[in-house]
Amino acid sequence: MQSRFYRFVSPFLVLLFVGLLPAHAEIRETSVWWLPRNVNMFGHAIDFIFYVILVLTGVTFIGVFSVLGYFLVKYRARPGVPAIHSHGNNTLEVVWTTIPVFIFLGLAIYGNEEWSRMRRKTPPADALPVAVVGEQFGWNVRYPGADGKLAKMDAKKVSKENPFGVDASDPAGLDDFTTYNDLVFPVNRPVRLYLGSKDVIHAFYVPEFRLYQDMVPGRVYDFVWLKAEATGKFQLACNQLCGQGHYKMFGKLSVVPVAEYEAWAKGKAPAPAVTGTSSATPVVSNQR
Ligand code: CUA
């Protein structure tokens, strides 16, 4: 009786669940069933290796399970037919070990090359510097003013009142302005990020940028950069479980034409950013 009930109800539960998935992911502007669109210069290499690995593992999966199925039928137990004992085949084993070794080596070398291109090589000199410091539960963002320079960040000076760890007297920082959970990047211009954390480990994650970087308190990450190739509205999500409010730790991120970015920046500056505190949202409201 009970099992018949579940047999009747379970398809509806599955349908309900599948129907709720897109509703849950409403913020994404493109397909929820496949990769979100890529707008970062570096994303092409990441998507390329994703598809290469998908094809390699897909072909291997089909090959292995086809052979398995074939052998299951061919060597099934039949009355009067004795079992076959096999010692294996050395040539076959050498072949199916050597080929994956070269495939893995190729993937590792390619991945390493791309990683150093994305993170280890110095960002272009004309990159826009933007500091993003995570806290429970939001993003402090700091932009340079007219001089194009950010105040120097020192992880040792980071405190509740000074999330960026800057020196109040630093001349480069006098015209900086800050936002809270609000980022605007110019399109087709490199952006160099200065990432940090005020309290616990957070992670800077924008799927459309194919960009993920953990932010461990006590250090400033100055090697992450990107170049958005298309305009749009995205979400900066925290991707490390950082506390009870983790799920709501996200910032609005827009990529806009350069002129629009400049107008936006002009409207924000010059805030009295001397103390380096976050602007809009009072820091005191954060519970610990
Ligand atoms: Cu910050 Cu999760």
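As the structure lists them, so they are numbered: ligands from 1, and atoms in each ligand from 1.
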**Message:** Does the plane of the ring in Y75 sit parallel, tilted or perpendicular to the ring in F71? Use 30° and 60° as the thresholds.
**Reply:**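 Rings of Y75 and F71: perpendicular, as their planes differ by over 60°.
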**Request:** For the pair W264 and Y261, name the ring-plane relationship: parallel under 30°, tilted 30 to 60°, perpendicular over 60°.
**Result:**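 It falls in the tilted class, 30° to 60°.
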**Item:** Angle in degrees, rounded to 10°, that O of Q240 and SG of C242 form at atom 2 (Cu) of ligand 1
**Value:** 100°
**Request:** Flag M249 as yes if one of its N/O/S atoms falls below 2.8 Å of atom 1 (Cu) of ligand 1, otherwise no.
**Result:**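 Short answer: yes, at least one N, O or S atom is under the cut-off.
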**Message:** Taking backbone and side chain together, does H202 place any N/O/S atom at a distance below 2.8 Å from atom 1 (Cu) of ligand 1?
**Reply:** yes
**Request:** Please answer whether the main-chain N or O of P207 pairs with a side-chain N or O of R210 as donor and acceptor at a distance below 3.5 Å.
**Result:** yes
**Message:** Checking the side chain of Y143 only, and the main-chain atoms of A131 only, is there a donor and an acceptor separated by less than 3.5 Å?
**Reply:** no
**Message:** Could you identify the N, O or S atom of H246 positioned closest to atom 2 (Cu) of ligand 1?
**Reply:**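 Among the N, O or S atoms of H246, the one closest to atom 2 (Cu) of ligand 1 is ND1.
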